[in-house]
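Here is the structure we will look at, set down as structure tokens.
Ligands are counted one by one from 1 in listed order, and the atoms in each one are counted from 1 as well. Quick caveat, the model's predicted, so the values are computed rather than measured.
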Amino acid sequence: MKCVGILTAGGDSPGLNAAIRAVGKTLVRGGYRLIGFRDGFEGLAFDRTMPLEEATCSGILTVGGTILRTSRNKPNKMPVGGECIDMTGAIVENYRKHQLECLICIGGGGTHKSALLLQKAGLNILTMPKTIDNDVAHTDTTIGFDTALSVATGALDSLHSTASSHKRIMLVQIMGHNTGWLALGSGLAGGADVILIPEIPYRLDKVAQALLQRSREGKLFSIMPIAEGALSREDTARLAALQEKKEQAKNKAEKEAAKREIAAFHSACSTRIFELASQLEERSGRQTRVTILGHLQRGGSPSASDRLLATRLGSECAKAVFRQKYGFMISASGEGTALVPIAEVAGVRKTVPLDHPWIESARKLGVAFGD
Ligand code: F6P
């Protein structure tokens with residue numbers, strides 16, 4: 001009986017179990033055996049497995065998280081005893097030991113880079129795009145995005161009444177890594193007044209102006225979703241300079257130093273929302289409050305849409321195994337699916353295009369982006 005391996009890597013997202021279930025049920029019906037690897041690529045490196053018979057794949061459609069567990073550890077930088085070690089060799093060995101026909105990796109941007117690395121090491125790989133950030137290239141959407149969108153939208157809905165009662169400005173930090181899909185989508189669906197996203201660097205004075213204008217129009221409260229990666233124009237320029245420095249690094253030490261500077265910059269930016277709240281309070285004369293939605297956005301049962309997506313991608317993924325079509329991501333394309341070479345996905349981030357219909361509609365409705 002041919003055996004296929006599967007793992008989930010990166011941050012979890014609702015719908016992972018639905019995808020595992022779809023792959024598992026379809027493969028088993030096609031006469032294949034499925035074996036799960038625990039904790040992302042770590043499980044493959046250290047041979048931590050979980051048999052995935054049909055019974056194990058049952059009853060998990062509605063369950064959030066991943067029964068396989070996950071981690072962000074990369075094959076070539078696996079933390080072992082305080083050090084980062086290249087475990088690619090061990091992964092290849094375990095793949096061969098289990099006589100895998102193919103390895104299915106369900107993940108986002110980082111997972112696709114790791115998947116490509118393993119493909120180059122000679123493994124048959126297939127992937128499926130999942131992340132609440134929706135930032136994977138060459139797919140219409142990703143598993144988990146729709147559920148997170150509902151959670152974030154629900155939060156904005158709930159904040160309306162308290163914002164209105166107290167005539168306050170509510171700043172809501174929304175996940176999304178370095179992209180604004182979740183903040184923009186939930187902002188539009190949740191009737192936000194100002195939306196800040198990384199793709200549109202904001203100016204403090206423009207944001208304050210928009211809030212003051214609302215007051216002048218008799219609108220006494222404002223709802224402001226802010227993508228966690230949103231930056232002011234000044235910070236965007238600072239980050240670009242740091243990235244340039246990394247690109248220009250002459251050796252490994254310089255590159256590592258530049259990477260550390262970028263990490264420090266991002267961690268300093270993660271608390272900027274509080275600074276921004278007090279600056280806006282001062283300029284608008286209205287009380288401001290900050291809500292950080294955090295990992296609530298990754299929790300809970302997958303939405304119907306995510307279950308449908310995960311099932312569609314998962315069953316097509318199994319079909320690709322039957323046809324021995326390896327080296328592809330099963331992407332969501334219109335009502336169907338498409339096979340996209342992993343090499344075209346790895347290292348490419350899908351950001352919100354500035355002419356995206358969501359941005360255009362928001363602008364038509366008078367939503368401010370602080371630009
Ligand atoms: O990529 C998904 C994501 O939830 C991002 O939106 C967020 O920046 C990050 O993961 C949080 O990661 P962690 O779970 O490691 O805190």
Keeping the roles fixed (side chain from E199, backbone from T351), state whether a donor-acceptor pair exists under 3.5 Å.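 A pair under 3.5 Å: no.
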
Touching ligand 1 at all, R72? Heavy atoms, strictly under 4.0 Å? yes

Yes or no: does G176 have any heavy atom under 4.0 Å from an atom of ligand 1?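 Per 4.0 Å heavy-atom rule, G176 contacts ligand 1.
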
For H295, the ligand 1 atoms whose distance to one of its heavy atoms is below 4.0 Å: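 In order of number, 13 (P), 14 (O), 16 (O).
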
Does this structure show an ion pair linking R96 with E93, if we count only N-O contacts that are shorter than 4.0 Å? no

Should the pair R272-E275 be classified as a salt bridge under the 4.0 Å nitrogen-to-oxygen rule? yes

Sole candidate of E281, K167, R168 that passes side-chain hydrogen bond (donor to acceptor under 3.5 Å, both in side chains) when paired with Q287: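 When side-chain hydrogen bond (donor to acceptor under 3.5 Å, both in side chains) is applied between Q287 and each of E281, K167, R168, only R168 qualifies.
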
How close does the nearest protein non-hydrogen atom get to [atom], and which residue and atom is it?
| atom | answer |
| --- | --- |
| atom 1 (O) of ligand 1 | D133 OD2, 2.7 Å |
| atom 4 (O) of ligand 1 | R298 NH1, 2.7 Å |
| atom 7 (C) of ligand 1 | E228 OE2, 3.3 Å |

Would you say that V207 contacts V194 through its side chain, given a criterion of any heavy-atom pair below 4.5 Å between the two side chains?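 Touching, per the 4.5 Å side-chain cut-off.
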
